[in-house]
Amino acid sequence: MPELPEVEFAARALRRWLGGRRIASADAPESRIFRGSDRKEFSRVLQGESLDWIERRGKYLLIAFRGGAGLLNHLGMTGKWVRVPPGAPLPSHVRARLELDSGEVVAYRDTRLFGRIAVHRADELFSLPEIRGLGPDPLVDGVDAARLHERLARSQRPVKVALMDQALLAGLGNIQATEALFLAGIHPARPASSISEKEAKELASAILESLQHTLKIQGEGDSITYVEEPRAENPFRIYGRAGSPCPRCGTTIEKIELGGRTSAFCPRCQPR
DNA sequence: ACGGATGTTCGCGC
DNA sequence: CGCGCGAACATCCG
């Protein structure tokens, strides 16, 4: 699920859920999400801990505890933090859980196991190669149009593939890149190097607009608390809407595959 | 019923 | 080095 907006919501939810609470116990079954780390260490260092701070950089969560331990967490494709009331049954595919002094359980679910949790020292989280390798975070650093243009100019890849490069800009995935290109009126298959300075400027605004739009529509309610949510309808403008009319001009939305991912675009609003 | 697609990332080979 | 592809995995849809 998670691109920048979902990860931002996970950060906010975890701040609320863990803030001012003590972790009575932590545990996790053996699973791939601890690759490069140790699930037993996870349980050991979190026992009795309380939250110090949580930050998001791109699609990564950095979680620091007062005792000095830290977690680096990536939600992969299907990772999600959920809160389970005291006594309520745990959902399926829980890969790590924190039992709070209140009896609530804060759990990390991840059906496809593409996510990751790694234990580090809190004071080294920002120095990890995963974080140092990220480009600017649109919400934290803003999107500098000139810098974006310069980076795009160096790449022969389709502009949509370049936008999903986390070293170029941190946090965009298939949905946000698709939506931003639509808003900017740029065809996703255009070579990144063909984007003009003016287009880069429009793209920079479109990226922020798309992220903020998504944050706004997904921000209502406490939907991250675990409940069986009814399948919501597609809230995006053109992502996943191939075959439907363009919301702006009515032309039928098309799709193409770029970098192994499906991209929807309006052939009229986003000409080659 | 089964093949194909799914919001991500990494590593390999050219 | 830049780029493309397949793999890691489970579920859902047509």
Side-chain angles (χ1 to χ4, degrees), chain A residues 1-11 29-37 56-61 72-81 91-96 108-118 128-135 137-138 150-182 188-194 207 210-211 213-215 217-218 223-224 228-244 255-264:
Chain A
M1 313 170 134
E3 297 187 26
L4 187 154
E6 291 84 356
V7 183
E8 177 64 24
F9 276 114
E30 185 57 53
S31 86
R32 289 188 73 248
I33 69 160
F34 289 100
R35 57 192 174 279
S37 193
R56 179 198 54 74
R57 286 297 181 279
K59 301 174 193 171
Y60 281 95
L61 287 175
L72 178 71
N73 174 218
H74 193 290
L75 305 182
M77 201 128 135
T78 50
K80 186 174 192 174
W81 285 94
S92 58
H93 306 293
V94 166
R95 311 302 186 180
Y108 176 70
R109 292 186 76 194
D110 191 343
T111 55
R112 290 177 70 181
L113 294 168
F114 291 169
R116 186 156 82 95
I117 292 178
L128 294 172
E130 290 90 334
I131 302 302
R132 301 190 65 147
L134 296 174
D137 182 287
E150 182 196 322
R151 290 297 306 268
L152 290 175
R154 280 191 255 146
S155 174
Q156 302 314 303
R157 291 176 295 181
V159 60
K160 167 153 179 292
V161 176
L163 287 181
M164 292 191 293
D165 181 345
Q166 303 300 297
L168 200 153
L169 204 56
L172 306 193
N174 199 21
I175 295 178
Q176 295 301 323
T178 297
E179 295 287 295
L181 286 165
F182 170 71
R190 293 254 313 271
S193 58
S194 76
I207 288 165
S210 175
L211 289 172
H213 177 71
T214 306
L215 283 167
I217 59 176
Q218 294 187 347
S223 66
I224 309 220
E228 288 295 349
E229 296 167 56
R231 186 171 304 282
E233 73 288 7
N234 178 355
F236 301 105
R237 291 173 249 234
I238 63 157
Y239 170 80
R241 296 196 186 279
S244 302
K255 63 174 175 178
I256 47 168
E257 182 169 311
L258 297 170
R261 321 294 304 283
T262 300
S263 306

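The sequence lines fix the lettering, A, B, ..., with proteins before strands; numbering per chain opens at 1.
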Among [options], which is the nearest nucleotide to the side chain of [X]?
X        : options              : answer
A:Leu113 : C:dC9, B:dT8, B:dG7  : C:dC9
A:Tyr239 : C:dC3, B:dG7, B:dT8  : B:dG7
A:Ser155 : B:dC10, B:dT8, C:dC3 : C:dC3
A:Arg32  : C:dA8, B:dC10, B:dT8 : C:dA8
A:Gln156 : C:dC3, C:dC9, B:dG7  : C:dC3
A:Arg157 : C:dC3, C:dC9, B:dT8  : C:dC3
A:Phe114 : B:dT8, C:dT11, B:dG7 : B:dT8

- Item | Test item: side-chain donor near acceptor, A:Arg109 and A:Ser92, under 3.5 Å | yes
- Specify the separation, in whole Å, of atom CD of A:Glu130 and atom P of B:dG11. 10 Å
- Sugar-phosphate, base or nothing in reach of A:Gly260, heavy atoms under 4.0 Å: nothing
Any side-chain N or O of [X] less than 4.0 Å from the OP1 or OP2 oxygen of [N]?
X       : N      : value
A:His74 : B:dT8  : no
A:His93 : C:dT11 : yes
A:Lys59 : B:dT9  : yes
A:Thr78 : B:dT6  : no

- Check whether any side-chain N or O of A:Gln166 sits under 3.5 Å from a backbone N or O of A:Gly171 as a donor-acceptor pair, and report yes or no. yes
- Query: How far does the C1' atom of C:dG6 sit from the matching atom of B:dG4, given to the nearest Å?
  - Reply: 15 Å
